[in-house]
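Structure record follows, encoded as structure tokens.
The chain is numbered in sequence order, starting from 1.
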Amino acid sequence: MLRLFKMINQYNDTEVEKIRESSLLVGKTLAEIAKHIKPGVKTIELDRLAEQFIRDHGATPEFKGYRGFQNTLCVAVNDEVIHGIPGDYELKDGDIISVDCGVRKNGFVGDSAYTFAVGNVSEEAKRLMKITKECLELGITEAFAGNRVGDIGFAVQQHAEKNGYSVVREFCGHGVGKKLHEKPDVMNFGRRGHGKQLKNGTVIAIEPMINQGKNNVTLDNDNWTVRTADGKLSAHYEHTVVARQGKAEILSSFEEIEKELARK
């Protein structure tokens with residue numbers, strides 16, 4: 001019999017704890033990377049450090065080999081939105097860099113992203129980063145059992161647009177657990193009460209990608225790097241969360257990242 005739709009996974013408490021373990025390792029990896037984000041560092045060096053750190057902790061980089069992607073991290077600098085390939089680019093004072101990382105441990109995946117300031121960044125860049133992170137936080141408040149993905153998207157979109165920014169529409173968050181990308185898609189725009197309904201134990205990655213200018217994006221010749229069409233900045237934050245009754249529980253963490261940033 002043909003299956004006309006894909007089921008949305010609901011994970012039990014034991015499985016959720018394994019997803020949490022992988023998700024927390026992503027946060028620790030990004031905190032390790034934060035130590036090295038400074039002018040003059042090549043993005044490929046960040047990638048090497050991340051892979052070694054993940055493997056040293058008994059896990060594997062989930063992005064490496066995914067659909068042919070050859071690296072551990074996706075790094076997106078300035079006008080790059082997502083899926084940037086680490087390489088010989090040397091970070092410059094004033095850059096912002098979004099780092100996305102996925103980890104598999106004990107058969108389960110964690111996924112998270114954070115946008116970092118390189119040296120002294122402009123007030124405009126700081127504001128974009130602040131509002132994008134707030135978009136993530138507001139989206140998470142809507143990710144409880146019984147709510148719908150449209151409620152998440154609505155919260156993200158409203159906050160971005162009322163602050164003068166735009167939401168990338170071609171890419172979105174997603175279910176995560178046994179695989180990196182599962183159902184449902186979690187768009188960063190939408191209408192309240194619309195879209196797939198979240199159940200207790202539904203695990204999703206919420207990841208606002210917010211542009212300083214228009215929402216249009218282009219794809220580089222490498223067939224991976226997505227950037228803003230108008231060349232303006234973009235920021236990206238992501239948490240893995242599980243839907244519970246009355247609230248979402250965040251499985252990943254920015255705590256260690258921000259402790260490291262506070263030391264700088």
Side-chain angles (χ1 to χ4, degrees), residues 1-30 47 50-51 53-74 82-83 99-114 136 139-140 142-153 171-188 195-209 224 236-245 247-254:
M1 181 177 177
L2 287 173
R3 296 183 65 186
L4 299 179
F5 60 92
K6 292 184 179 179
M7 297 295 291
I8 296 173
N9 288 328
Q10 289 176 257
Y11 289 104
N12 63 40
D13 289 349
T14 299
E15 293 169 325
V16 167
E17 288 309 308
K18 290 181 179 179
I19 298 170
R20 189 196 308 275
E21 183 180 11
S22 293
S23 299
L24 291 176
L25 181 53
V26 175
K28 291 175 183 176
T29 303
L30 293 176
D47 192 75
E51 179 173 2
F53 186 85
I54 291 166
R55 295 192 187 281
D56 285 349
H57 285 78
T60 56
E62 180 65 9
F63 293 178
K64 193 162 190 175
Y66 184 81
R67 295 183 179 177
F69 193 76
Q70 294 299 305
N71 296 92
T72 293
L73 303 175
C74 292
I82 50 171
H83 301 163
V99 183
D100 194 353
C101 181
V103 159
R104 179 178 292 274
K105 189 172 184 181
N106 297 322
F108 290 87
V109 177
D111 189 10
S112 186
Y114 198 92
L136 172 60
I140 290 170
E142 299 291 336
F144 53 86
N147 239 8
R148 296 181 180 272
V149 293
D151 297 306
I152 299 171
F171 301 90
C172 62
H174 50 89
V176 61
K178 292 178 181 176
K179 296 180 181 178
L180 175 60
H181 290 128
E182 299 179 351
K183 293 296 182 182
D185 290 342
V186 185
M187 308 304 291
N188 292 308
K196 298 291 186 182
Q197 189 174 52
L198 304 175
K199 308 292 186 181
N200 186 54
T202 300
V203 180
I204 57 175
I206 302 174
E207 49 178 321
M209 300 152 231
W224 281 106
H236 176 208
Y237 291 83
E238 177 183 19
H239 267 315
T240 295
V241 308
V242 59
R244 296 299 194 196
Q245 298 297 332
K247 67 172 184 177
E249 184 180 350
I250 303 173
L251 302 178
S252 48
S253 176
F254 292 159

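Within a 6.0 Å sphere centred on NZ of K64, other residues, nucleotides and ligands contribute more than 12 heavy atoms.
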For a side-chain contact (heavy atoms from CB on, under 4.5 Å) check, start with the C-alpha distance between F69 and C74, then their side-chain angles and the critical distance, and finish with the verdict.
CA-CA 9 Å; F69 193 76; C74 292; 3.8 Å; yes
Full working for side-chain contact (heavy atoms from CB on, under 4.5 Å) between S253 and L24:
CA-CA 6 Å; S253 176; L24 291 176; 3.7 Å; yes
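Remark: side-chain polar atoms of E15 are paired, donor with acceptor, to backbone N or O of N12 under 3.5 angstrom. A distance-only check finds no donor-acceptor pair linking the side chain of R104 to the backbone of T60 [under 3.5 Å]. Judged by distance alone, the side chain of S252 and the main-chain N or O of S23 form no donor-acceptor pair under 3.5 Å. Between the side chain of Q70 and the main chain of G68, a donor-acceptor pair closer than 3.5 Å is present. A distance-only check finds a donor-acceptor pair linking the side chain of K105 to the backbone of H57 [under 3.5 Å]. Not one N or O on the side chain of N200 forms a donor-acceptor pair closer than 3.5 Å with the backbone of A145.
When every heavy atom of S112 is checked against every heavy atom of E238, the shortest pair comes out as OG-O, 2.7 Å. C101 approaches L30 most closely through the heavy-atom pair CB-CD2, 4.1 Å. Summarising the geometry of E207 relative to C172, their closest heavy-atom pair is OE2-O, 3.4 Å, with the distance given to 0.1 Å. Residue A143 comes nearest to A248 through the heavy atom pair O-CB, 3.2 Å, listed as atom of the first residue, atom of the second, then distance. Scanning both residues, R20 and I250, for their nearest heavy atoms gives NH1-O, 4.0 Å. Considering all non-hydrogen atoms of both residues, I19 and V176 come closest at CD1-O, 4.4 Å.
Note that NZ of K199 is 4.0 Å distant from CD of Q197, once rounded to the nearest 0.5 Å. The distance from atom CE of M7 to atom CG of N9, rounded to the nearest 0.5 Å, is 8.5 Å. Going from atom CD of E249 over to atom OG1 of T240 covers 12.5 Å, rounded to the nearest 0.5 Å. Note that NE2 of H236 is 9.0 Å distant from CG of L136, once rounded to the nearest 0.5 Å. Between atom CG of residue N71 and atom CZ of residue F63 there is a gap of 11.0 Å, rounded to the nearest 0.5 Å. We find the OH-CD1 distance between Y237 and I140 to be 13.0 Å, quoted to the nearest 0.5 Å.
Using a 4.5 Å heavy-atom cutoff, the side chains of V149 and M187 are not in contact. Put simply, the side chain of V241 reaches to within 4.5 Å of the side chain of I206, judged on heavy atoms. Looking only at side-chain heavy atoms (C-beta outward), Y11 and K178 come within less than 4.5 Å of each other. F171 places none of its side-chain heavy atoms less than 4.5 Å from the side chain of N188. Two residues are said to be in side-chain contact when any heavy atoms from C-beta on lie closer than 4.5 Å; D111 and V26 fail this criterion. Counting heavy atoms from C-beta outward, P61 and R55 have side chains that approach closer than 4.5 Å. Between I204 and I152, some side-chain heavy-atom pair lies under the 4.5 Å cut-off. Taking the side chain as every heavy atom from C-beta outward, Q10 and T202 approach each other to under 4.5 Å.
Classification of D13 and R244 as a salt-bridged pair holds, one side-chain N sitting under 4.0 Å from a carboxylate O.
Considering only residues two or more places apart in sequence or on other chains, N106 meets the side-chain hydrogen bond (donor to acceptor under 3.5 Å, both in side chains) condition with E21. In this view, K18 satisfies the salt bridge (Lys or Arg N to Asp or Glu O under 4.0 Å) rule with no residue, not counting sequence neighbours. In terms of the ring-ring contact (aromatic ring centres under 6.0 Å, His included) criterion, residue partners of F254 (sequence neighbours excluded) are, by chain and number, Y114, H239.
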